[in-house]
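Below: the structure, in structure tokens.
Just so it is clear, the values below take in all heavy atoms, side chains as well, and ignore hydrogens, waters and symmetry mates. The chains referred to below are lettered A, B, ... by the order of the sequence lines, with proteins before strands, and numbering in each begins at 1. For clarity, every value in this text was computed on a predicted model and none was experimentally measured.
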Amino acid sequence: MNDREELAALTKAAEQGRMGRRELLRRAAALGLSAPAIAGLLAACGASSGPSASGAAPSAAGDPNGKITYGLGSDWQTLDPTFYTNVAEREIFYSIYDPLVDMDQKLDIQPRLAKSWDVQDGGKTIVFTLQPNVKFHDGTACDAAAVKFNLERMLDPKTGSPQRTNIDAITSVDAVGATTVRLSLKEPFTPLLGSLTEGPGFVSSPAAIKAGGKDYGLKPVGTGAFTFVEWLKADQIRLKKNPSYWRSGLPKFADLVWKPIPDETVKLANLKSGAIDVIDNVPSSDRKSIRDDPTFATWDAPGTRWPMIRLNLAKPPFNNKLVRQAVSLAVNRADIVKAVYFGEATPALGPISPVYKSYYDASIDKYGLGYDPSKAKEKLTASGATNVAFTVEIQNVASQQRLAEIVKENLAAIGITVTIQPYAITAFQDRITNKLYQATIGSWTPRPDIDGTMYRHFATDGNVNSMHYSNPDVDALFKRSRTLANGPDRVKVYQDVQKLIVDDAPWVFLIFETQTRAWSKKAVSGIPQIPDVMVRFAEVTRY
Amino acid sequence: MLTYLLRRLALFIPVLVLISILVFSLLHLAPGDPVNMIVGEDRPGPEVIAAIRKEYGFDDPLPIQYLRWASHAAVGDLGYSYRSREAVTQVVLERLPTTVELSVLSIAFGLVLALPLGILAALRRGTWIDAVSSAVAALGISMPAFWIGILLIYLFALTLRWVPPSGYVSPTEDLAQNLRLMVLPVITLGLGYGATLTRYVRASMLESLGLDFVRTARAKGLSGAQVVFGHVLRSALVPIVTVLGIETGRLLGGAVLTETIFALPGMGRLAVDAILSSDFPTMQGAVLIMALWVLLANLVVDLLYGVLDPRMGRS
């Protein structure tokens, strides 16, 4: 905020009686304001008397000319959905673009650019009917041809899109009419709709892609609630209200600024000082103080990240299922929750996070391999393995180090020796890709459809199954799940899958982490709490 | 003078080539396939990975890859970022001014701190002034930048609310705000630098104070100030300037941390982000420019010798 903006904010605060005289004077003096200017401010402060001066909730209407500044821990490399790989990139897309479909708080698929869809031919064809008369920020039409152009660009292997894997069930895309798109699939593929709520579902202006070439990712053109203004690298991305946004009445404020702030403590200091209005995650150690502070609102999203230990089933000692089970039984997850996550996590006994609502199986306590050292010893003895020792590979970060040390201590108690080996990120990733590890700590975040979390890890041909895990029963169930619509039958299939995986123990399930967004109550309200933890700013109000 | 300068500049070329070979080999021989970082954790199928390998020429032998990169770099084209697909030359040029501003202001801050403290400590050797100077220097040297940075943010941004905690505004857009935002980073980076310098200034002054010409100057009846500023300081400056040059590299290292703490869009943060995402072209570009910077700083130091001590002139 520069001085002018700061003065405007102060004046507004004074008029609305949100700030006491003393505070006002202090801040005005800090800005170096002249005496007459301060007198003016005080008059504004005096003008608002009565109950509102006690810091009551601001008016519901919000400020259509307001600005929201959002601080995030990671930075952007591209604003082209075809090439995106990180969550900060995905999150800003919900402001610049619209996905074909979106999800609601219950993970149900909702219309967006597609106002309806029809699953035909036993699931092998999906016909989308698009919203009519939607225009990109450059004025060109967002029609069936544009959707076809975007999907085909992503599907073409020559494009090199990291997103291709999520939609490669599509064999052809046809623009049947101006607002009708038909997708033909190799086989029924329920997870596709989920994928179209994110990366692959965002629609860019074909004209802008052709004109931009390699540089399109620097000046994105979508249909979203905000248009792109400028990108000051490593400093901020500025967006402004799209005045002709097709969803009427949205967005509710004028300017949206995205700031990458790599240091978590500094990011929090920015929120506390009022320099930014919303932050993407509060460090676990600071959550209590933020929740207890009436100035801030928080949104806790449990189970939106989960660290685990991958075990390599092709190498000893983890080619022995009983050893894997013994390790799982020996890990005290409550210690990890307390010592590494300051209580901001829950123990995990299986791969399905509570974020998946109905898919989460609350009865997992009965069959999960939770902390039970005596049973762990029994399993280890039964396995016939002696002098069990292994190396756990971790990334060079403090939280993984602490986690690994607790595991090491837990396993020492049942006679297993653990060596902790840290690697730099690239080498670490390489050892996973080439399946060189014995055990390695990783983490995962939810994908819109549960298939995106499960299949790629635990199917024999899963693209990130580095554990050499293969169970034909699991594969058969996955295959079936892809043909079933969301509902009790599909839930049942996943609960069966989970039982098999828990018993095979290719991962040591550790914890489900809670992520916490926080914002200043005085500035912002109405952030929709969608389980993917991406903020949709179109619906947010700025005071 | 001009020939001397040209000769020195010409010497840069082999040094830069050597550095570029070193950086290139270190990056490419270290374990880790850049394709992993380009595709992210979703890992597309082998046909996409093959397309990416082909596009970036990862399948060519390393010497071929180096020559391709070096021949372009020689004419100012540092290639394209693996991640953002931008021209690296452009990216580096965008980031350079922030780091230049941070460094220049930090050097200035360091000098403003070190010269008076160091000189006073030398002149009043063994007194409480000397003790205070030593204490300040020890504190400045031993406090890590990330810790000072966070402390300064808590004090000046959260408690006193004099300045915003972090961020950047270009000086061409709003100079006053730019300087306000630079205050904390400059103190963070400049403090350790100034503290180190204080020790050198003190030592160098003490050494000069003991030389014969000082006795002569005093014997000629010059005042204390004339002796100190006209003679001692000038002779003491030669080793100090040498340290200034040597410390340039360390200053850049400190800029990496400082830029990360204060979210400044500079070269240091560019290099860190590039390392974390295995963005080799950006990494190579950033390191090459930083190496050039250190070489130039040392050239300036060499030229300054001539000014400070004409005997060292052009020989």
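Contacts of A:Glu264 with chain B are absent, with no heavy-atom separation under 4.5 Å from either backbone or side chain. For B:Tyr80, the part sitting under 4.5 Å from any heavy atom of chain A is the side chain, from C-beta outward, and nothing else. For B:Ile150, the part lying under 4.5 angstrom from a heavy atom of chain A is the side chain only. Contact annotation for B:Glu173: only side-chain heavy atoms (C-beta onward) come within less than 4.5 Å of a heavy atom of chain A. Contact of B:Glu259 with chain A is not made at all, since no heavy-atom distance falls under 4.5 Å. Within the 4.5 angstrom heavy-atom criterion, only side-chain atoms of A:Asp75, from C-beta onward, approach chain B. Proximity to chain A involves both the backbone and the side chain of B:Leu276, based on heavy atoms less than 4.5 angstrom apart. Heavy-atom distances place the backbone of B:Ile38, and not its side chain, under 4.5 Å from chain A. Only the side chain of A:Asn166 comes within less than 4.5 Å of a heavy atom of chain B; its backbone N, CA, C and O stay farther away. Proximity to chain B is absent for every atom of A:Arg431, based on heavy atoms less than 4.5 angstrom apart. Residue A:Trp76 does not touch chain B at all, counting heavy-atom pairs closer than 4.5 Å.
Most heavy-atom pairs under 4.5 Å with chain A, from the set B:Gly149, B:Ser166, B:Ala51, B:Gly167: that is B:Ser166. With chain A as partner, the option from B:Val35, B:Leu158, B:Leu264 having the largest number of non-hydrogen pairs under 4.5 angstrom is B:Leu158. Residue with the most contacts toward chain B among A:Asp263, A:Thr78, A:Thr265, A:Asn463: A:Asn463 (heavy-atom pairs, distance under 4.5 Å). Your options are A:Val464, A:Asp168, A:Ile261, A:Thr433, and the one with the most heavy-atom pairs under 4.5 Å with chain B is A:Thr433. Taking chain B as the reference chain and counting heavy-atom pairs below 4.5 Å, the highest number among A:Asp215, A:Asn270, A:Val266, A:Leu79 is found for A:Asn270.
Checked by atom type, the side-chain pair B:Arg83/A:Thr85 shows a donor-acceptor distance below 3.5 Å. Under the 3.5 Å distance criterion, with hydrogens and angles disregarded, no donor-acceptor pair is assigned to the side chains of B:Arg68 and B:Gln65.
Looking at A:Met467 and A:Tyr437, their side chains come closer than 4.5 Å, going by heavy atoms from C-beta outward. Between B:Arg269 and B:Thr98, every side-chain heavy-atom pair lies at or beyond the 4.5 Å cut-off.
Rounding to the nearest 0.5 Å places NZ of A:Lys233 at 8.0 Å from CD of A:Gln77. Atom-to-atom distance recorded for B:Leu78:CG and B:Gln90:CD is 11.5 Å, nearest 0.5 angstrom.
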Go through it in stages, so that I can follow the logic: the residues are B:Phe58 and B:Tyr82, the test is ring-ring contact (aromatic ring centres under 6.0 Å, His included), and I'd like the CA-CA distance, side-chain angles, deciding distance and then a yes or no.
CA-CA 11 Å; B:Phe58 291 150; B:Tyr82 291 163; 5.1 Å; yes
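Heavy-atom contacts from other residues, nucleotides or ligands closer than 6.0 Å to NE2 of B:His72 number 12 or fewer.
For the pair B:Arg85 and A:Phe83, the cation-pi criterion (under 6.0 Å, within 45° of the ring axis) is fulfilled.
Taking all atoms of both residues into account, the shortest heavy-atom contact from A:Pro162 to A:Thr82 is CD-O, 3.3 Å.
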